[in-house]
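Here's the structure we're looking at; comments come further down.
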Amino acid sequence: MVSAGTFHVVATELAVGTFTLAGAMIFLRLILSFREKHPSRLSELCDSTSLVCVVAGLCSLPFAIITGVLAAPGDGLDNPLLFNKMLLSWVGIGLFSAWFYGRFSMGPNLWNHRPAAIIQGLIGLVACGSILTVASMGGKYSRGESLMGPMSKPLEYSIELGTTASILVLIVSVAALVSVLKLMPQLYSIEFEGNSLGDSDITN
Amino acid sequence: MPEDLPRFSEGWKPTSSRDLGDETTIIIETEDTDDLIVEWQTGSSETILEASLTKQGNGVWFFTLPASSVESNLTWRAKLSNPALEEITPWFTLSSSKPGYDIDERALMIQAVAGGILAAAIAIAMQRRFACPSRKGGML
């Protein structure tokens, strides 16, 4: 029988790979937004690739989390690194879900509107950063070294809330999300009216 | 073995491990012992130090070993004596290690999901507050 650890490797590589590609595409699309008056084929490719990658990553990340918990040695999550990996993974899921929601709601023309492009790019890059941090912590846990070097030191400590406090935080978080969705102005599909970002005439 | 040989009480067992940063108080129960000396040393040093002992009651003594800030071994031994005999114990090892990390997985999962939802809420709030251009007349 194939162990959870083997599935974890597959799911992790799928999630980290797709999210990394998404991050690269989001970054490139953001840069191109500042340079182009009209979206080029490359811009459209970046946009659609990032969208597909985010969806693929969001589908594979829960499997990576579940198999990671099952594959943890000993009695389970007995290391602060694993604790922080779990927290950051869910933060990544939350941010990429928000990114997908924004992209889906505002449409591909969001990149031609300065505030939308910056906010959307920022959310995507922070989400990608959190997933890459999770991946780096995996290396720290399994091999004792990480690309983050000394920056990974704070992640060796964790702030653990008890069950009651966690439930309270969950209630507050859900209330915050519902409030945002119900009370704040809805996002809508942005129509192309010329690029408010770029100054050059790089067009397709 | 002489009947009046100074010795630890039957069933007494030494503490062998502790968490980093914790002082350790060891209680020794003895039999046929009038006087007791405890010596200790760290693994990295050959200097032998004497612990300060307090007699608690009939044959019961306690002493405190200092805390360790790094993962290391500390060894100690006791010299038990009465007017007739003296007995030196072997070195006992007391290892210091990082405190065990144990977490309630259900609490962690709830905390993690809450963090994810909160991150999504903040990101969507930013999108709704700053991203969309002001509409030019009505809903699209």
About how many Å separate [atom2] of [Y] and [atom1] of [X], when rounded to the nearest 0.5 Å?
X: A:Leu82; Y: B:Glu105; atom1: CG; atom2: CD; result: 9.5 Å
X: A:Ile167; Y: B:Ile110; atom1: CD1; atom2: CD1; result: 4.5 Å
X: A:Leu87; Y: B:Met109; atom1: CG; atom2: CE; result: 10.5 Å

### Task
Measure distances from A:Leu181 to the heavy atoms of chain B and classify the residue's part below 4.5 Å as side chain, backbone, both or neither.
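Contact with chain B is through both the backbone and side chain of A:Leu181.
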## Note on the structure
The interface call for A:Met106 against chain B, heavy-atom contacts under 4.5 Å, is side chain
Taking all non-hydrogen atoms of both residues, which atom of [X] and which atom of [Y] are closest, and how far apart?
X: A:Ser166; Y: B:Ala107; result: OG-O, 3.4 Å
X: B:Ile124; Y: A:Leu177; result: CD1-CD1, 4.0 Å
X: B:Phe130; Y: A:Pro115; result: O-CB, 3.0 Å
X: A:Leu95; Y: B:Ala123; result: CD2-CB, 3.9 Å
X: B:Leu118; Y: A:Ser173; result: CB-OG, 3.6 Å

Counting heavy atoms not belonging to [X], are there more than 12 under 6.0 Å from its [atom1]?
X: B:Phe92; atom1: CZ; answer: yes
X: B:Phe8; atom1: CZ; answer: yes
X: A:Phe27; atom1: CZ; answer: no

### Options A:Leu168, A:Ile93, A:Ile123, ranked by heavy-atom pairs under 4.5 Å with chain B, top entry
A:Ile123
### Task
Identify which of A:Ile171, A:Val91, A:Ile65, A:Leu161 forms the greatest number of heavy-atom pairs closer than 4.5 Å to chain B.
A:Leu161
### Task
Check the pair B:Gln111 / A:Val169 against side chain to side chain contact (heavy atoms under 4.5 Å, CB included), numbers first and verdict last.
CA-CA 7 Å; B:Gln111 190 177 337; A:Val169 173; 6.0 Å; no
### Message
Please check: side-chain N/O of B:Gln127 versus main-chain N/O of A:Ala98, any donor-acceptor pairing under 3.5 Å?
### Response
yes
### Task
State whether the side chain of B:Arg128 and the backbone N or O of A:Val180 hold a donor-acceptor pair below 3.5 Å, judged by distance alone.
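Confirmed, B:Arg128 side chain pairs with A:Val180 backbone.
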### Task
Side-chain contact test, heavy atoms from C-beta onward, threshold under 4.5 Å: evaluate it for A:Ile119 versus B:Arg129 and give yes or no.
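With C-beta onward as the side chain, the pair stays apart.
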